[in-house]
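The figures that follow rest on heavy atoms only: side chains count, while hydrogens, waters and symmetry mates do not. All of these numbers come straight from a predicted model, not from anything done at the bench. Residue numbers start from 1 in every chain, and the chains themselves are labelled A, B, ... in the order their sequence lines are given, proteins ahead of strands.
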Amino acid sequence: MTTWRLIIHNACAPSWNMAVDSAILRLTKIPTLRLYRWSKPAITIGYFQDIEKEVHIELCQKDDIPVIRRLTGGGAVFHHEELTYSLVHPLQGPFGKSSITHSYSLIAQPLIHALRSMGVDAQYRPINDIIVGNRKISGSAQTRKEGKLLQHGTILVATDTEKMLQYLTIDPKKIKQEGNPVITLSEIVKGLSKESIFEQLIKAVTSSFKELFAVNFEEADITLQENDMAIELERSYFSNEQWNCRRLSP
Amino acid sequence: MSIHVVLKNPGEKLVHIDIDFEKSTISWIHISGDFFLYPEEAIGDIEQALLGLPVDPQLIEQNICTLIKNNDIEMVGISVSTIVQGIQEAFAQS
């Protein structure tokens, strides 16, 4: 049985969250699962997206919603009252011969298992989503660098989806016709406070990874080197307007 | 003035193509969207490889496929045929 590092971070600043994931990807030699929350609402956009096509920038500026470009592809995400996971794993073991598309489905399994253990009828929807009914509860994005993969993704707990739709350039007519495209855990799991849902979800996700990937977790924080690297990456990338507004080489 | 085309083909992600033509050749192109492409920086190489090409679907496809093969590029949620389709649609509007 292999041992993975487990990092549980409470609410951190949006640009710091992205910087820590990137620092772990660059430096770690051991598989690392990080679970974290957000100190304030924020939007991340995919590496290949144009900020002006995805986000109502002026409204975000007015409401102090930072917009951060991720290292990973995928779509724009409004982060608010969600649990985010990031997994950094060498391209070995279960991910050694796995195509990118297949690895999305592999990593979705413990997340689905965790949600089902909380009574949520979650299903995998290729390429990178987990849905309940036809509404998305979790989306993920992956990059591969230096022989490792980084996959991070959200599990919506109590996200204000009305607010989300204000900031993202989703056609309101489409929402009217097709309904709300996302669903949160607090809409499904009744009788629990938001904080209790977070607590249960963290337990369910860690035990599902343990069970499905047959691993032990050693709880730790980021190393000093990762911390220093994250400070540098936050400064030069994730809190830097040049990176966030224009696609540059990572 | 560049032309903007949005494509959403079955099983793929949303792909935006912003493009300029000069004398029936591609003079500028920017491909964006919520797709995945590995390694990420290869998107710039693909855009670069298309500059100066005439709007000949076979030639465009061949150029991108050669680049993909030589550089181990993997596309997820976007395809060569979608890029070719987008360029053709934009050219028809030009």
Side-chain angles (χ1 to χ4, degrees), chain A residues 22 25 43-55 69-77 91 95 98-105 125-129 136 139-153 168-171 174 178 181 237 243 245-250, chain B residues 1-20 28-51 64-65 67-87 89-90 93:
Chain A
S22 301
L25 172 65
I43 290 169
T44 63
I45 59 169
Y47 176 74
F48 301 102
Q49 292 190 300
D50 285 347
I51 192 167
E52 62 274 14
K53 289 192 181 101
E54 307 302 331
V55 174
R69 184 177 300 279
R70 297 191 306 271
L71 207 57
T72 50
V77 182
L91 291 169
F95 306 108
S98 156
S99 70
I100 288 158
T101 313
H102 182 59
S103 60
Y104 276 117
S105 73
R125 181 175 69 187
I127 305 168
N128 55 330
D129 292 338
K136 181 167 159 177
S140 296
Q142 187 183 129
T143 187
R144 293 178 169 205
K145 293 190 194 308
E146 297 168 38
K148 285 173 265 183
L149 70 78
L150 158 68
Q151 182 166 314
H152 46 196
L168 302 180
T169 57
I170 302 170
D171 185 356
K174 197 179 165 200
E178 297 173 15
Y237 291 95
W243 165 263
C245 292
R246 291 281 167 267
R247 192 181 72 203
L248 304 167
S249 286
Chain B
M1 184 77 178
S2 63
I3 297 162
H4 178 222
V5 172
V6 188
L7 302 108
K8 173 73 180 80
N9 284 329
E12 294 190 1
K13 301 283 187 180
L14 206 65
V15 177
H16 295 265
I17 295 186
D18 292 278
I19 191 164
D20 266 340
W28 177 78
I29 184 164
H30 177 72
I31 304 166
S32 60
D34 59 353
F35 53 85
F36 300 92
L37 192 140
Y38 306 92
E40 283 81 4
E41 49 270 40
I43 191 72
D45 300 334
I46 292 173
E47 289 167 347
Q48 195 66 33
L50 294 171
L51 296 183
I64 304 176
C65 288
L67 195 71
I68 287 173
K69 200 177 159 202
N70 292 345
N71 295 282
D72 279 331
I73 297 167
E74 192 171 345
M75 289 175 157
V76 178
I78 182 173
S79 61
V80 176
S81 58
T82 292
I83 297 173
V84 174
Q85 181 194 343
I87 294 169
E89 283 183 20
Q93 291 176 33

- Message: Strictly below 4.0 Å, N to O, side chains only: are B/Glu40 and A/Lys145 in salt-bridge contact?
- Response: yes
- Note on the structure: Hits for side-chain hydrogen bond (donor to acceptor under 3.5 Å, both in side chains) against A/Thr101, two or more places apart or cross-chain, chain-then-number order -> none
- With no hydrogens and no angle check, is any side-chain donor or acceptor of B/Tyr38 less than 3.5 Å from a backbone partner on A/Gln142? yes
- Item | With B/Gln48 via side-chain contact (heavy atoms from CB on, under 4.5 Å) - residues at least two apart | B/Leu51
- In terms of heavy-atom proximity below 4.5 Å to chain B, should A/Ala76 be classed as side chain, backbone, both, or neither? neither
- Query: What residues of residues 9-20 of chain B sit under 4.5 Å from chain A when you count only heavy atoms?
  - Reply: B/Gly11, B/Lys13, B/His16, B/Asp18
- Query: Is atom NZ of B/Lys69 surrounded by more than 12 heavy atoms (other residues, nucleotides or ligands) closer than 6.0 Å?
  - Reply: no
- Query: Does anything in residues 29-36 of chain B get under 4.5 Å of chain A by heavy atoms, and if so which residues?
  - Reply: B/His30, B/Ile31, B/Ser32, B/Gly33, B/Asp34, B/Phe35, B/Phe36
